[in-house]
Amino acid sequence: MAAKPRQKQAEMAAATIDMIGEDLLHNILSKLPAVECAAAACVSRSWNLIITRLLSLPNLSSSLSRNHNLQGAVNEVVEKVLARPIRPQFVIASIGPSFDLQEAHRLITCRFGSRIPVITSISQGIFGKYANINEFEEVQWDTFEDDEAHEDLGIENQGVLLTVGFLPGLTVDLIPLSKTQGNQVLMIDDLVLSIREHSSSHSGSASPMGILLFSDEDTDIKPVLEKLDYAFSTETVIVGDGGSQFLYRGDTAINRSNNKASSSAAVALLFSMDRGKPPGVGETQFHVMLSTGISPIGPAYKAVSVRERPKDYSTWLTAKREAVRESLDGQTILDQIYDELGGHINCPALYVGVTKRRKCSIGQEKPSWINMHEFHEVLRGDEEYLYVHGVGIRSGDSFQFYQAKSDLARVSCNYVSNSFRHLKQDLNYQSDDHTNGNGLDMHNKKSVFGGIMFACCGRGKLFFGEANVDGSPFLENFPGVTFSGTYCAGEIARGDLNSYGQGSQEQNSVRCCLHVFSTVYLVMSYTPALPQH
């Protein structure tokens with residue numbers, strides 16, 4: 001009998017608090033940690049309605065820790081991302097190479113529900129806001145193979161970056177890219193067909209809203225990107241990390257084996273429109289910007305003799321200049337390029353951009369021709385061959401040399417910043433006090449609520465001579481909005497040669513999806529649903 005008076009007292013207390021007004025109560029509840037907020041939803045019907053509305057808002061929460069202890073670092077970032085109400089749809093974690101990947105993945109997954117997709121990877125560096133101070137930092141690990149100490153990078157390779165998101169109106173699935181036995185063949189068609197099936201079941205469209213792709217460092221992701229770019233609508237956003245070590249967990253896709261021979265080659269975080277979304281839920285949109293850091297140099301060449309070396313994942317080739325019949329060896333070709341650069345000693349990172357015309361199809365579909373532009377790092381040259389990293393080049397493919405340039409990258413970052421400024425104007429973004437924890441203005445029609453960055457590990461402080469150049473376009477235009485990023489060995493983003501200043505009509509049809517010395521920005525915006533009358 002004593003339970004009823006206590007229940008009545010609790011209801012009276014909740015009713016008394018409700019008298020302070022819905023706006024103030026909304027403000028109070030929005031500052032509760034995620035766990036306490038879930039408990040508060042059980043207090044009364046009015047609280048439940050307010051918290052349901054809070055949890056229906058777009059939310060991207062991120063935190064960085066440099067704690068030398070893995071358990072301590074995970075605790076810090078998890079507590080920070082869950083310090084405000086959020087209903088996690090996905091979790092992305094990046095850790096330093098000194099931490100154990102399997103243990104980090106275990107510690108992170110046990111803090112989130114078993115149905116929430118989680119991807120944990122060892123990155124080349126991280127960028128984000130500290131868990132204990134309101135300050136952004138760019139952290140790059142000193143993983144250089146030379147014996148030189150890079151003081152600007154530091155010697156401590158511990159750190160954790162955690163990003164958790166809820167995107168209204170979208171569903172999230174995790175789909176791995178499998179290998180056949182012996183890791184010889186990538187099951188790319190199976191990945192494409194699975195993505196189409198999942199997207200169709202949620203949205204009615206075979207093309208999803210977006211794909212975040214994480215590739216294993218030993219996987220040649222280029223043929224995967226060729227088919228993904230071919231298979232899906234141009235409106236589908238595809239971004240990600242083209243070379244890392246990762247583990248994942250999902251509702252239907254779980255990495256059950258620790259045996260590398262049976263692990264997945266890549267994993268796709270799939271975002272699809274939810275045609276079954278509740279009334280009153282608005283629309284989440286993705287916007288992608290690319291800052292390039294390389295420029296073409298010298299004449300165009302055409303591959304003549306090509307030898308692939310799968311064992312060391314390299315290609316040996318001779319070439320000729322277009323409209324010239326004489327075949328050139330590697331040393332002669334490099335001497336011409338070094339002359340363009342003003343001497344070998346001043347030569348920065350050097351690549352060849354190869355234009356490849358290939359037939360492409362999915363499953364039993366009729367093949368179609370595609371034009372792709374892919375970058376290969378130049379290794380060296382001698383009196384026989386030019387040696388480049390990677391395979392897939394054929395005799396007759398045309399290519400041009402590219403050099404990495406920090407001044408060009410700065411100009412490109414300024415261009416991205418201007419694009420963000422225009423996006424902010426288009427979305428009627430305003431930075432004022434009427435925001436949720438992500439800087440989302442509740443009184444505006446459209447707002448940016450989060451951003452994720454994938455930057456080349458060759459950029460950063462050593463490349464620019466100062467920190468946070470890559471992050472500045474977003475931070476300057478969207479202050480107070482959640483933003484985080486990782487440094488990669490291959491940046492994934494759909495595009496064409498327009499991005500590299502080659503904007504002829506013919507070049508517009510040449511696709512480029514894996515970049516070097518670039519930074520990819522994924523920006524998330526939200527448009528609330530129209531009021532129901």
Gap separating the [atom1] atom of [X] from the [atom2] atom of [Y], nearest 0.5 angstrom:
X: T219; Y: E217; atom1: OG1; atom2: CD; value: 9.0 Å
X: L213; Y: L269; atom1: CG; atom2: CG; value: 10.0 Å
X: I362; Y: D190; atom1: CD1; atom2: CG; value: 10.5 Å
X: I452; Y: L212; atom1: CD1; atom2: CG; value: 5.5 Å

If you count every heavy atom of other residues, nucleotides or ligands that lies below 6.0 Å from [X] atom [atom1], does the total exceed 12?
X: D407; atom1: CG; answer: yes
X: E103; atom1: CD; answer: yes
X: K222; atom1: NZ; answer: yes

Is there a donor-acceptor contact under 3.5 Å from the side chain of [X] to the main chain of [Y]?
X: R196; Y: S207; value: no
X: S65; Y: V160; value: no
X: Q89; Y: L167; value: yes
X: R249; Y: I116; value: yes
X: S215; Y: G243; value: no
X: S199; Y: I195; value: no
X: T284; Y: P168; value: yes
X: S201; Y: H198; value: yes
X: Y526; Y: G282; value: yes
X: S419; Y: Y415; value: yes

Taking 4.0 angstrom as the limit, do E283 and K446 come out as a salt bridge?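 A salt bridge is absent here (no side-chain N lies under 4.0 Å from a carboxylate O).
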
Just checking, any donor-acceptor pair under 3.5 angstrom between side chains of [X] and [Y]?
X: S417; Y: N477; result: yes
X: T292; Y: H515; result: no
X: T519; Y: D470; result: yes
X: T120; Y: H105; result: yes
X: Q71; Y: N75; result: yes
X: R87; Y: N59; result: no
X: S123; Y: S94; result: no
X: Y248; Y: S264; result: yes

For [X], check side-chain hydrogen bond (donor to acceptor under 3.5 Å, both in side chains) against everything at least two apart and list the hits.
X: E138; value: Y487
X: S291; value: S412, R459
X: Y313; value: D220

If you take all heavy atoms of [X] and [Y], which pair is closest and at what distance?
X: E79; Y: R111; answer: CG-NH2, 4.3 Å
X: Q158; Y: R66; answer: O-NE, 3.0 Å
X: S272; Y: H202; answer: CB-CB, 4.1 Å

Report the C-alpha separation of Y130 and F136 in whole Å, then their side-chain angles, then the decisive distance to 0.1 Å, and conclude whether the ring-ring contact (aromatic ring centres under 6.0 Å, His included) test is met. CA-CA 6 Å; Y130 275 111; F136 279 91; 9.7 Å; no

Which class fits the ring pair [X] and [Y]: parallel under 30°, tilted 30 to 60°, perpendicular over 60°?
X: Y521; Y: F483; answer: parallel
X: H373; Y: F375; answer: perpendicular
X: F90; Y: F271; answer: perpendicular

Tell me, with the steps shown, if L107 and L70 meet side-chain contact (heavy atoms from CB on, under 4.5 Å). CA-CA 9 Å; L107 290 172; L70 176 58; 3.8 Å; yes

Could you walk me through whether T163 and S484 pass side-chain hydrogen bond (donor to acceptor under 3.5 Å, both in side chains), step by step? CA-CA 8 Å; T163 302; S484 63; 3.0 Å; yes

Quick one, [X] and [Y] - any side-chain contact, counting heavy atoms below 4.5 Å?
X: R494; Y: V288; answer: no
X: V448; Y: F420; answer: no
X: L101; Y: I95; answer: yes
X: S472; Y: L475; answer: no

The criterion is salt bridge (Lys or Arg N to Asp or Glu O under 4.0 Å); which residues satisfy it with R421, sequence neighbours excluded? none

Identify, with sequence neighbours excluded, every residue that meets side-chain contact (heavy atoms from CB on, under 4.5 Å) alongside S295. Q403, K405, L408

Between E466 and R410, is the salt bridge (charged side-chain N to carboxylate O under 4.0 Å, His left out) condition met? List the steps. CA-CA 11 Å; E466 61 178 307; R410 282 183 180 274; 2.7 Å; yes

Partner set under ring pair (Phe, Tyr, Trp, His ring centres under 6.0 Å) for F112, not counting sequence neighbours: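 Ring pair (Phe, Tyr, Trp, His ring centres under 6.0 Å) list for F112, sorted by chain: empty.
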
Compute the centroid of each ring, for F449 and then for F478, and state whether the two points are separated by less than 6.0 Å.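 Not close enough - the centres of the two rings lie 6.0 Å or further apart.
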
